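This report concerns only the one structure given below.
Naming: A, B, ... by sequence-line order, numbering from 1 per chain. Computed from a predicted structure; not experimentally measured.
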Amino acid sequence: MSAKSRCMCMVITFQLHHSPVHLNSLPKRRLHSSINSFNFINLNERRRVTVGLSKLIKLRHGYLLEVFSYKFCPNLLVRIVNLLGTRETAFAFFRFAFRDDSEDAIRYSCTVAHILAARNLRYLAQDVISWVISRIGETRSEDLVKFMWEGRHKYESDFSVLDKLMRAFLIAGMGSRALGILSRMREVDAVPSSSAMTILFEFLLRVGDYGSVWKLFRDMIREGPCPSNYTFNAMILGFCRNGHLGTAQSLLNVMGKYKCDPDVCSYNILINANCISGWTLNALNWVQLMIERGCKRSIFTFNIIVNALCSEGNLVEARKVVNEIQDIGLSPNVAIYNTLINGYVKARDVGHFKYGRKEDGDRLLRELLVPDLLPDHSLCDISVAGLCWGGLVDEAMKFLENMLERGMKPSIVAFNSIIAAYSRAGLVEDAYEVFKFMMKFSLTPSSSTCGSLLMGLSRNGRLPEAREILYKMMHKGFPINRVAEEGRFSRVSRMKSAFDAFMDIHRAGLVPDIVYDTLISGYGEAFSMVKVDRFMNCINLAELFAALGTKCVELKAPGERRHKEQTGWLASCIFLCRGVNESSLKE
DNA sequence: CTAGGGTTAG
């Protein structure tokens with residue numbers, strides 16, 4: 001057999017070996033651990049690696065793979081990885097090729113990381129180290145540090161090794177180890193990188209370790225590196241997210257003392273934090289202050305303010321602010337119009353398709369058709385969503401197909417709208433077809449794609465299928481989150497069952513995560529919908545959580561952002577369980 | 001010496 005065909009065989013074996021297993025036949029425990037297992041390569045990565053390897057063979061580097069299959073040598077691995085093109089693909093290949101956590105394997109990875117660093121592939125070196133660290137755990141990570149340190153001479157400087165280790169520990173979420181590396185850096189008289197310090201601050205603030213934050217800050221003043229605008233802004237953002245707006249504001253005011261000048265970002269962070277907390281007036285004061293101090297507003301500043309005004313329902317004021325944009329020589333972008341449209345829709349003030357007055361929707365779209373304003377697919381997204389709202393899902397699909405044929409770049413938003421609409425209408429097959437169609441464009445499903453599909457199936461009482469899809473998605477590494485729950489939880493009439501579900505989880509001895517947040521927002525919305533509800537009156541959430549031993553702080557600190565792609569398998573399982581209860585009679 | 005801000009589909 002020629003080398004070429006041998007390698008082709010390798011690629012094919014690679015594909016077959018990792019074809020999805022039938023997960024529903026596995027016991028649950030095993031399933032969960034397989035999702036979290038670190039050697040897991042998802043479908044998308046598998047595809048990319050396969051494509052990368054075939055390319056490599058076509059370019060006549062196949063012999064590398066052949067030699068590599070006999071001899072596991074760091075240099076070879078680095079050469080292959082280097083030929084794979086992108087960092088993501090290379091990293092996926094490393095994880096695929098390397099699934100052993102023996103001491104030898106750790107030494108081997110250290111050599112790989114050194115070579116990568118020496119070849120100026122620092123990001124990849126960092127990926128490799130952080131992945132190995134996560135695999136072997138905090139205790140054994142000390143061995144890795146030792147190996148890296150001992151083997152560094154041929155390849156990289158003291159600073160380079162320690163800097164990489166520090167970043168790797170931060171990525172792996174091991175803050176105390178990162179701090180340990182930092183003190184080692186001080187011992188060998190290396191000055192830590194300013195950006196590494198910034199991400200360290202970010203981490204410490206995220207976990208609320210203020211003691212270390214201030215200690216670190218003092219160290220920086222004494223021994224460098226000098227805090228920069230980045231450092232301050234990261235700190236300001238961290239304090240804002242934790243709800244310490246006062247501290248954040250003092251930090252901004254003290255920047256000058258350290259030869260830093262608050263910039264648009266600093267102000268935007270603070271303005272946004274004020275808006276999120278509902279203090280729009282304070283936010284506007286800060287805008288005034290920044291103008292007085294000679295700092296120009298950016299389009300972000302406007303968007304933050306417009307968004308705040310819109311969510312307060314103050315559309316008149318929002319509109320005025322948008323008009324102001326051109327006056328100061330900036331041009332409105334698509335995002336700001338999205339914000340405005342969102343505001344109008346939420347305020348039921350827009351006659352979009354959804355509310356039956358097509359002309360108004362058209363008027364808004366026409367306004368959007370300002371030249372240069374539509375570099376992306378927003379207009380298509382909006383139109384598709386509009387048709388979906390109006391129940392014209394088939395038309396929406398045709399419209400999208402038409403746009404795609406005309407060479408428009410496909411966007412996940414449009415697909416999601418259609419999938420959601422079909423699911424809502426109970427046309428699960430159609431939803432699934434669109435889903436498959438979407439995959440052809442190599443779009444990665446988002447949490448809402450998954451949520452819509454699951455919701456469609458569950459509502460139709462097709463729970464075994466829903467469960468199967470859920471498992472498959474989790475196995476492929478698709479994001480599953482609380483989406484499927486959200487809409488249903490936030491109805492007053494649903495609050496009782498939401499609460500029951502919540503209690504079920506506790507009785508089952510599980511520790512719920514996202515559910516809290518969902519429940520809270522559900523309550524919030526319920527309160528605004530009906531002022532007094534007997535059910536709500538008799539439960540004090542804070543007391544309840546305290547009784548259950550749950551820290552409320554973990555739910556949603558003021559100013560905390562909603563995480564974009566939260567993976568909460570639990571929420572989806574609960575969703576399924578509740579579905580079982582509701583439709584068990586049908587089955 | 002790879003670090004910081006906003007919006008949409010459900």
| remark: The nucleotide from B/dA3, B/dG5, B/dC1 with an atom nearest the side chain of A/C265 is B/dG5

| task | Using a heavy-atom cut-off of under 4.0 Å over every strand shown, decide if A/E202 touches base, sugar-phosphate, or nothing. | result | sugar-phosphate

| Within residues 163-175 of chain A, residues whose heavy atoms come under 4.0 Å of DNA chain B | A/D163, A/R167

| Which nucleotide sits closest to the side chain of A/R122: B/dG5, B/dT2, B/dA3? | B/dT2

| task | Could you check how far CG of A/L270 sits from P of B/dG5, rounded to whole Å? | result | 14 Å

| Sequence neighbours excluded, every pair satisfying side-chain hydrogen bond (donor to acceptor under 3.5 Å, both in side chains) that has a member inside residues 243-256 of chain A | A/Y210-A/H244, A/N253-A/R293

| task | Select base, sugar-phosphate, or nothing to describe what A/T231 touches, counting heavy atoms under 4.0 Å on all strands. | result | nothing

| field | Rounded interatomic separation in angstrom, taking CE from A/M235 and C1' from B/dA3 | value | 14 Å

| field | Nearest-angstrom distance from the residue atom CZ of A/F91 to P of B/dT2 | value | 20 Å

| message | My understanding is that only residues two or more places apart in sequence, or in another chain, count here; which of them pass side-chain hydrogen bond (donor to acceptor under 3.5 Å, both in side chains) with A/N285? | response | none

| query | Base, sugar-phosphate alone, or nothing: which one does A/T301 contact when heavy atoms must sit under 4.0 Å apart? | reply | nothing

| remark: Quick note, A/N416 side chain, CB onward, closest among B/dG5, B/dA9, B/dC1 is B/dA9

| field | Partners passing ring pair (Phe, Tyr, Trp, His ring centres under 6.0 Å) against A/W214 (at least two apart in sequence or in another chain) | value | A/F239

| Whole angstrom value for the distance that separates P of B/dG5 from CD1 of A/I269 | 6 Å

| query | A/R424 side chain N/O closer than 4.0 Å to the phosphate oxygens (OP1, OP2) of B/dA9? | reply | no

| said: Tell me if a side-chain donor or acceptor on A/N314 pairs with a main-chain N or O of A/C310 at a distance below 3.5 Å. | reply: no

| request: Would you kindly give the CG-to-P distance between A/L200 and B/dA3, to the nearest whole Å? | output: 15 Å

| Under 6.0 Å between the ring centres of A/Y422 and A/F435? | no

| query | What integer distance in Å separates A/D127:CG from B/dT2:C1'? | reply | 11 Å

| Contacts of A/F203 that satisfy ring pair (Phe, Tyr, Trp, His ring centres under 6.0 Å) - sequence neighbours left out | none

| request: Report the nucleotide, chosen from B/dG5, B/dA9, B/dC1, that has the shortest atom-to-atom distance to any side-chain atom of A/N268. | output: B/dG5

| request: Please state whether the base of B/dA3 and the side chain of A/T198 form at least one donor-acceptor pair under 3.5 Å? | output: yes

| field | Salt-bridge criterion met for A/K398 and A/D394 (N-O under 4.0 Å) | value | no

| task | Please name all residues satisfying side-chain contact (heavy atoms from CB on, under 4.5 Å) with A/A168, sequence neighbours left out, ordered by chain then number. | result | A/I129, A/S130, A/I133

| message | What contact category does A/F232 fall into here, base, sugar-phosphate, or nothing, at under 4.0 angstrom with non-hydrogen atoms? | response | nothing

| Atom CD of A/Q126 and atom P of B/dA3: how far apart are they, to the nearest Å? | 9 Å

| With sugar-phosphate meaning primed atoms plus P, OP1 and OP2, does A/A420 contact a base, only sugar-phosphate, or nothing at under 4.0 Å between heavy atoms? | sugar-phosphate

| N/O donor-acceptor pair, side chain A/S298 with base B/dG5, under 3.5 angstrom | yes

| field | Between B/dT7 (P) and A/I305 (CD1): distance, integer Å | value | 13 Å

| Given B/dA3, B/dA9, B/dG5, the nucleotide with the shortest approach to the side chain of A/V264 | B/dG5

| task | Answer yes or no: does a side-chain N or O of A/S195 lie under 4.0 Å from OP1 or OP2 of B/dC1? | result | no

| B/dG5 OP1/OP2 closer than 4.0 Å to side-chain N/O of A/N272 | no

